[in-house]
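A short worksheet on the structure shown next.
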There are 2 protein chains.
Amino acid sequence: MAQKVKLSTIAEALGLSTATVSLALRDSPLVAESTRERIKEEARVSGYIYNRRAASLRTSKSGIIGVCVSDIMNPFFGEILKAIENELDRHRQTFVLCNHYDQLSKQRAFVDTMLQLGADGLIMSPAIGTPAPDIHLAEQNDLPVTLIARTVEGCGVTSFSGDDSYGMRLAVTHLIDKGYRRIAMVGGTDLTSTGRERERGYREALAEAGIEYRPDWRLPGPRSRHSGFDAVAGFLRLPERPDAVACFSDLVALGFMYGLAREGLRPGVDIAVTGYDDIDEAAIAMPSLTTVANGQSEVGRRAAAALLARLNGAPAVESVELITPQIKVRQSTEGL
Amino acid sequence: MAQKVKLSTIAEALGLSTATVSLALRDSPLVAESTRERIKEEARVSGYIYNRRAASLRTSKSGIIGVCVSDIMNPFFGEILKAIENELDRHRQTFVLCNHYDQLSKQRAFVDTMLQLGADGLIMSPAIGTPAPDIHLAEQNDLPVTLIARTVEGCGVTSFSGDDSYGMRLAVTHLIDKGYRRIAMVGGTDLTSTGRERERGYREALAEAGIEYRPDWRLPGPRSRHSGFDAVAGFLRLPERPDAVACFSDLVALGFMYGLAREGLRPGVDIAVTGYDDIDEAAIAMPSLTTVANGQSEVGRRAAAALLARLNGAPAVESVELITPQIKVRQSTEGL
DNA sequence: CTGAAAGCGCTTACAG
DNA sequence: CTGAAAGCGCTTACAG
């Protein structure tokens, strides 16, 4: 690279001012058509690169949106992220992704970085234990926040998520309708709103059907494929064995089904299994997995749209927007 | 927010200059211990937020590293990304993630954004069809590039990837050792170096064993779980059916095994299957999947380290660093 | 050990 | 329709 090309390089080459060049490159109608074309051509041939830091320093808009979730590898977030990406792409916002792995320190480091870079907004699925002031900090520094999948009490902003208790009630009620009465629930933690809501749905469905809740059939914890697989050992050690399992998520359910198969039990035949999320794999798994589609892409789309509205001046509102989930019945509950 | 706190706000409050405050906050030994402490305390209580755009404009270092791969949802990249994240975290670099979905336009938009933001470096798995000049453009504008998983001829930079032809040779040779002679290969495309190399390994292993390569048993294309599942249909229509399948990746293999099971065929018993990548799921799948561990975390770690070396002045070198893969024998090839 | 001043590369009123 | 000038918030020689 010879010499860095900047606005003034172009201005000098053309005998114009940097003001005119700046306006022309951003298609201002103030600049004469012919001037604009000469400028754009010169920018092109000289290999000019727009310096966003300089512009952003001046305008205090950066065109950056931060997105932070516990783990982007989780297909559940994958679909949400794709929807967000779509929505933001259309508004020419750059989006910066980050995992917090449910570590508050990682999440804080990320929010800090976004603040320092002057990001325009933040979409996040708050890490376990996120206190409301963490979100106020961002908001008070002109960084509007929208929450997804989980919410934080007193955060003062909008969160978008599936109606988890209703969704889990759908799954468990489906099992009951199928004739199952001995229904366990595997996975999830009451440290997250998602975990609490899904467990609530499980209990409500049982209560509605007049089935007693058995604490020993509630196996909390697993939230990944691997831990779902591992949970089978504990399940098989139960003194009285359930004949159906409502899993916290599809990943847990898929891992759990692998684990059952490993022990010679046929998921969907010997033990009914339901998942939650309706990830792509659910439909092709063997057996295919009965699950709850919780509208991830709607969550992502609406969260992004809400954030964009905030950027355009809409006020912050604390509310929880629930997307209504739907059950997908497949082979894994065909048993009885 | 009352008023934005900046260096000068702190300087005024303390009766110091911005120069001193700037130095103190960055722990310069030039500033007296006691002064530094007063400054840091004032920064803390006033809620000062460091403006990286301004600093970066001045220093032309941004602390940002861009990372771009075809799809972060692919567990293959997931492990690489985790290794990169680890390495970069230790050097306090912010990393910005992006999918290009093998679309050149998306990749270009990302590289452009990184250039505009003054990113310090770029790690990417080049999209199909990436021409060398795309990489030269970045390099010529002070944006050092390191490639992962795939390479581009004439790019002038280092790429890190598994030794794909060797790895696939391991898988196919293993099948041959097990007694299989009718071995198909499913998935991958010759549009990527990865696809070409793995196919080469497949052919070489057959040749070594004196087994003729049959074009109709080479079913290219699938690179995802879903397309692996779909490939079973074509496989079952083959006039002569192979008894073993070497898949392009674990995802393809897992989808393919689901597909076989759906058709009443037992993977690992009726049809042997191998994968590639040794993703987490391979070990717990049912049957567990024989696969090739291609050292993703080493790829990620070394690619990040190489890029950091470039940031510290190391020159660009065109080379392909191959990480030696290892075979993991599991149930899916236990058949005969 | 601390300060005054210039400058990074833009954009934005304001003039003309 | 175009230009001169100020300023965004830092850092970096340079002085003292």
Side-chain angles (χ1 to χ4, degrees), chain A residues 1 3-40 42-43 46-64 112-113 115-120 141-142, chain B residues 1 3-40 42-43 46-64 112-113 115-120 141-142:
Chain A
M1 183 182 55
Q3 194 58 29
K4 187 158 281 178
V5 178
K6 42 192 175 176
L7 281 191
S8 61
T9 319
I10 300 177
E12 276 167 35
L14 261 36
L16 292 166
S17 73
T18 57
T20 303
V21 175
S22 171
L23 291 168
L25 290 179
R26 284 172 298 134
D27 288 317
S28 161
L30 285 176
V31 179
E33 172 79 29
S34 64
T35 313
R36 189 192 322 157
E37 275 169 15
R38 278 171 57 218
I39 291 173
K40 289 203 164 183
E42 176 65 20
S46 64
Y48 170 66
I49 290 173
Y50 179 64
N51 187 325
R52 267 164 77 157
R53 294 170 285 184
S56 163
L57 180 58
R58 183 58 226 261
T59 62
S60 56
K61 287 280 150 235
S62 65
I64 292 176
D112 235 56
T113 300
L115 249 12
Q116 294 179 359
L117 289 176
D120 296 339
N141 287 286
D142 282 331
Chain B
M1 184 182 54
Q3 196 56 31
K4 187 158 283 180
V5 178
K6 41 191 176 177
L7 281 192
S8 61
T9 319
I10 300 177
E12 277 168 33
L14 262 34
L16 292 165
S17 73
T18 59
T20 303
V21 175
S22 171
L23 292 169
L25 290 178
R26 283 173 298 134
D27 289 317
S28 162
L30 286 176
V31 180
E33 172 81 28
S34 64
T35 313
R36 191 193 320 157
E37 275 170 15
R38 280 169 58 218
I39 290 173
K40 289 204 164 179
E42 176 65 20
S46 64
Y48 171 66
I49 290 173
Y50 179 65
N51 188 324
R52 268 165 76 157
R53 293 170 285 183
S56 163
L57 181 57
R58 186 54 228 263
T59 63
S60 58
K61 287 281 150 232
S62 65
I64 292 176
D112 234 56
T113 300
L115 248 14
Q116 294 179 359
L117 288 176
D120 296 339
N141 287 285
D142 282 331

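Every chain is numbered from 1, with letters handed out A, B, ... down the list of sequences.
When each of B:T20 and B:L57 is assigned the nucleotide of DNA chain C with its nearest heavy atom, B:T20 is the one assigned upstream, toward the 5' end.
The two atoms that bring A:Y48 and A:L7 nearest to each other are OH-CD2, 3.6 Å, heavy atoms only.
Residue A:A55 is classed as a sugar-phosphate contact, given heavy-atom separations below 4.0 Å to backbone atoms only. At the heavy-atom level, B:G118 lies nowhere under 4.0 Å from the strands shown. Within the nucleic acid shown, A:T35 comes within 4.0 Å of sugar-phosphate atoms alone, with no base atom in reach, counting heavy atoms only. Residue A:A32 is classed as a sugar-phosphate contact, given heavy-atom separations below 4.0 Å to backbone atoms only.
Under the 3.5 Å distance criterion, the side-chain polar atoms of B:T59 are matched with a main-chain donor or acceptor of B:A55. Not a single donor-acceptor pair under 3.5 Å links the side chain of A:S22 to the backbone N or O of A:T18. Distance alone, capped at 3.5 Å, is enough to place a donor-acceptor pair between the B:S62 side chain and the B:G118 backbone.
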In dot-bracket notation, what is the pairing pattern of DNA chain C, taking Watson-Crick (N1-N3 plus N6-O4 or O6-N4) and G-U wobble (N1-O2 and O6-N3) contacts under 3.5 Å, with [ ] crossing and | for other strands? |||.||||||||.|||
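Protein chain B contacts DNA chain D from D:dG9 to D:dT12, reading 5' to 3' and using non-hydrogen atoms of the protein with a distance under 4.0 Å.
Between B:K61 and B:D142, none of the side-chain N atoms (NZ, or NE/NH1/NH2) sits under 4.0 Å from a carboxylate O, so this pair counts as no salt bridge. A salt bridge is absent between B:D112 and A:R52: the closest approach of a Lys/Arg side-chain nitrogen to an acidic carboxylate oxygen does not fall below 4.0 angstrom.
Within the 4.5 Å cutoff, no side-chain heavy atoms of B:T35 are placed close to those of B:L14. At a threshold of 4.5 Å between non-hydrogen side-chain atoms, the residues B:E42 and B:R38 do not count as touching.
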